[in-house]
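Every chain is numbered from 1, with letters handed out A, B, ... down the list of sequences.
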Number of protein chains: 2
Amino acid sequence: MGVFSKTCEYAIRSVFFIAHRTTSGSRVGIKEIANGIDSPEHFLAKILQDLSRRGIVQSVKGPNGGFYIDEIGLKRPLSDVVEAVDGKSIFTGCGLGLAYCSETNPCPLHHEFKAIRNQLKNLLEQTTIADFSESLNLGITKLRK
Amino acid sequence: MGVFSKTCEYAIRSVFFIAHRTTSGSRVGIKEIANGIDSPEHFLAKILQDLSRRGIVQSVKGPNGGFYIDEIGLKRPLSDVVEAVDGKSIFTGCGLGLAYCSETNPCPLHHEFKAIRNQLKNLLEQTTIADFSESLNLGITKLRK
DNA sequence: TTAATAAAAGATGAATAACTCTTTTATTTT
DNA sequence: AAAATAAAAGAGTTATTCATCTTTTATTAA
C-alpha cells in the first residue's frame, strides 16, 4: 500500500509528463501520455477528465487536440493534484484511523505522525508542477518503469 | 487513504489494547478487544489469528482464555506489527508507484520521499509496544472513537 | 459539409480489501 | 465425562478500487 492511491500516482505522473512534454500551444494525446507513464489508457482518460473538470489540466478535442497545462496550472503546488484525487485527509487524518483523534484527545501515535505528515504536506505544498518539470528536463528523474 | 491499511490500523490498535489490558498471566477476549478499539469483531478475530500465527501476540482457548502478549512481544518494535500485516513496501516502495525507481534511476519525488519514509521507519522501529502501553497507562492517549 | 481525430461520457467488468457467519477444536470447570 | 467457554478455521458476502469497452460530442482539415 502506497502513500497515494493508484489513481493518484497516475495523476501525478501524468501531470509531470504533460508539463514536461508540452510547451506553449502544444498538446499531448492520451495514448502518448499513457505509454509515457506506463498506465492503462482508458483508466488514465477518466483521471484526466476529472483533473480537467477541476481545472488542474486543460484539454481540447479533435485533431491536434490533447492535454496541456496553462501558465497558472504550472505554478500550482503538487498538493493541488493530490487533494483533487485523494482528498486532504492524507494531510490531516489520524494514522490509526480514529475519527475523533485530535490534539486534546490524541491517539498513541498522534504527535509523532503529525510531524511526519507535516513534512509531506510541506513538500507537496512548496513544490510546484513546474519545479518538477525542470528536473525532468535535466534528465535527473524519470517517469516510466 | 491512510498510511496503513484498515487491517493494519485494527492490528496496531488491538496490540496496544492487549498490551495495556493484560498483566502477567491475564488475558483479554476478542469481544472485549473489538469493543475497546471499535472494530468489527469477526474481522478482528481474523487479524489476531494471523498475528498469533506470526508470534506477535499469544492466545489460549477455552474458559479464561483470550489474547495476551509475552515479555518478548512487549519489547518488539511497532514495525514488526506493521510489517506482519502490510509488508515492508511501506518503508521502501516508490511514492509514485514506479517499480524500478531507485537511487540511480530516481522518480521526481524519490529523494524527498526517502527522507519522510525514513522518519516513519525510525519511529516504528525505535518505539516498542511496551513504550506505547505506558503512555496509555498514563491516560495521555486513547484508542477508541 | 464530410471525414477524420481526439477527448468526454456512460456502462460494465475484474480484482482486492473489508467484513460476516458458521463450524470446529482446544481448554477449563463442574 | 459433560457442559461451557473462547479462539481457530473455513466459507461466504459486500464494498471499494482499479480497469476496460463502447458511444457521444467537439474540433479540425480536406
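- Phosphate proximity of D:dC18 to A:Tyr10: absent, as no side-chain N or O sits under 4.0 Å from OP1 or OP2.
- Taking atom CD of residue A:Glu41 and atom C1' of nucleotide C:dA8, one finds them 14 Å apart after rounding to whole Å.
- For the atom pair NZ of A:Lys121 and CD of A:Gln126, the computed distance is 10.0 Å after rounding to the nearest 0.5 Å.
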Exercise. Under the salt bridge (charged side-chain N to carboxylate O under 4.0 Å, His left out) rule, what do B:Arg54 and B:Asp50 come out as? Steps first, then yes or no, please.
Key: CA-CA 6 Å; B:Arg54 292 165 185 273; B:Asp50 189 50; 3.1 Å; yes
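- Look at CG on A:Leu51: it is 14 Å from P on C:dA7, rounded to the nearest Å.
- Across all their heavy atoms, B:Asp70 and B:Gln58 have their closest contact at N-OE1, 2.8 Å.
- As a whole-Å value, the separation of B:Ile30 CD1 from C:dT22 C1' is 16 Å.
- OP1 or OP2 of C:dA8 lies within a sub-4.0 Å distance of a side-chain N or O belonging to A:Ser52.
- Clustering ILVMFWY residues whenever any of their side-chain heavy atoms sit less than 4.5 angstrom apart, transitively, puts B:Tyr68 in a cluster other than the one holding B:Leu48.
- Rounding to whole angstrom units, CZ of residue A:Arg13 and P of D:dC18 are separated by 13 Å.
- In this structure, CZ of A:Phe43 is placed 18 Å from P of C:dG13, rounded to the nearest angstrom.
- The phosphate of C:dA18 (OP1 or OP2) has a side-chain N or O of B:Thr7 nearer than 4.0 angstrom.
- Rounding to whole angstrom units, NZ of residue B:Lys6 and C1' of D:dA15 are separated by 13 Å.
- The nearest whole Å value for the distance from the CG atom in A:Asp50 to the C1' atom in C:dG10 is 15 Å.
- With sequence neighbours excluded, the residues forming a ring pair (Phe, Tyr, Trp, His ring centres under 6.0 Å) with A:Phe16 are A:Phe132, listed by chain and number.
- Note on B:Val60: it does not cluster hydrophobically with B:Leu74, by side-chain heavy-atom contacts below 4.5 Å among ILVMFWY residues.
- In this structure, CD1 of B:Ile47 is placed 13 Å from P of C:dA17, rounded to the nearest angstrom.
- You'll find the ring centres of A:Phe17 and A:Phe67 outside the 6.0 Å limit.
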Can you pull every protein N or O that's under 3.5 Å from an N or O on nucleotides 9-13 of chain D?
residue	atom	partner	partner atom	Å
D:dA9	OP2	B:Arg53	NE	3.4
D:dA9	OP2	B:Arg53	NH2	3.4
D:dA9	N7	B:Lys46	NZ	3.3
D:dA9	N7	B:Gln49	NE2	3.2
D:dG10	N7	B:Lys46	NZ	2.8
D:dG10	O6	B:Lys46	NZ	3.3

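- One side chain, B:Thr128 or B:Asp131, offers a donor N or O that lies under 3.5 Å from an acceptor on the other.
- Side-chain atoms of B:Asn122 come within 3.5 Å of backbone atoms of B:Asn118 as a donor-acceptor pair (strictly under, hydrogens ignored).
- Remark: B:Lys61, B:Gly62, B:Pro63, B:Asn64 in residues 56-70 of chain B come within less than 4.0 Å of DNA chain C through at least one heavy atom.
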